[in-house]
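Residue numbers run from 1 in the order of the sequence given. Just so you know, these numbers use all the heavy atoms, side chains as well, and skip hydrogens, waters and symmetry mates. Treat the numbers as computed from the prediction; the structure is a model and nothing was measured.
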Amino acid sequence: MLDLNRLKALHAVAVYGSVGAAADALMVTPSAVSQQLAKLERETGATLLERNGRGVRLTDAAGLLADHAERILALVETAEADFEALRGEVVGRLSIGAFPTAARGLLPAALVHLRERHPDLRLQLHEREPERQLREVSRGELDLAVIQDWVNRPMAIPEGLSRAPLFDDIADAILPASHPLAGRSEIELAELSGEQWISSSPGTVCHDWLVYTLRAAELEPDIACMADEYPTHLALVAAGQGCAIIPRLGRDFVPAGVRVVPLSPPPVRKIYALWRTDAARRPAIRAAVEALRIASAAHRSADSAGAAEVSGGRAEFT
């Protein structure tokens, strides 16, 4: 009898290409993965890994077994989903991924809602960039993901995934209070020609989107500072180091010396919940999506209250 955990370890090595990467994905040590593979070799009587330079590669026997393991694990997931749906209970383990601003701005309220109403549901939250979430949901490593999808640069969603819209997140220009345009009720992006910008790190969705959006407005990006947290962006703008574009979900306390000015047309990113279509029957998935919708509605209400404080053509949130 083949052990399911050992098949899972082999499948992870096949997907990620190394024992170390498989261990990271499974949240165990490389030694634990190696032990599972050694036991699987003894059970099957076949060599599964061969040295390949400084790493390892799967043998033909391992490749064959990994293909079967993928189908077996998919069947197990389907069986678990069907059984939970039959019972109609929100139970089991649910791993949720979210990009950083959603992990901070939406997930705490959603997790409280789930824990209060479904105490038998075991929850895990993982902060991830959207592209990584797509891969991990597709592979079954995450049950549910909260992703962002900019309207002017949409993401490709793999087949086999379903999604539910949560809300549209608008981004605004963030300017130093001394900026000539800081008192305007709204501005066009092209009016910020010649400015220096605060950006996230290269390779992130937010950095790539900012560069794409600026160039679409015929502005060559002059990136003065790079930081991955929006509160840092705000602090740098307050220090006069440049301008920024920040979505409202990522905008917490706005420090003195900063003005928030709406852009026309407004940049919009759509926030979605995403899961494998085959797992849609799980009551836990449905409960989590509902909790995210409730948290999203609360965010929209708070955002509307903040917008009502704009007066005199200056968005000065405190």
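In this structure, the side chains of Gln241 and Ile198 come closer than 4.5 Å at one or more pairs of heavy atoms.
Checked by atom type and distance alone, the side chain of His233 pairs as donor or acceptor with a backbone atom of Ala227 at under 3.5 Å. Between the His11 side chain and the Ala66 main chain, no donor and acceptor come within less than 3.5 Å of each other.
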Please report, to 0.1 Å, the donor-acceptor pairs under 3.5 Å made by any side chain of residues 288-297, with sequence neighbours excluded.
{"unit_1": "Ser296", "atom_1": "OG", "unit_2": "Leu292", "atom_2": "O", "d": "2.8"}

Item to complete: Take Thr213 and Asn152 through the side-chain hydrogen bond (donor to acceptor under 3.5 Å, both in side chains) test and state the conclusion after the steps.
Response: CA-CA 8 Å; Thr213 300; Asn152 65 332; 3.1 Å; yes
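Looking at Glu191 and Arg184, a side-chain N of the basic residue comes within less than 4.0 Å of a carboxylate O on the acidic one, giving a salt bridge. Lys39 has no carboxylate O lying under 4.0 Å from a charged side-chain N of Asp3, or vice versa, which leaves the two without a salt bridge. With salt bridges taken as basic N to acidic carboxylate O contacts below 4.0 Å, one links Arg104 and Glu229. Taking 4.0 Å as the cut-off between side-chain N and carboxylate O, Lys270 and Asp169 do not count as a salt-bridged pair. Using a cutoff of 4.0 Å between basic side-chain nitrogens and carboxylate oxygens, Arg132 and Glu136 are scored as salt-bridged.
Annotation for Met155: atom CE counts as buried by contact number, over 12 foreign heavy atoms lying within 6.0 Å.
Taking the six-membered ring where tryptophan is involved, the planes of Trp209 and Trp150 are essentially parallel, since the angle between them stays under 30° and well short of 60°.
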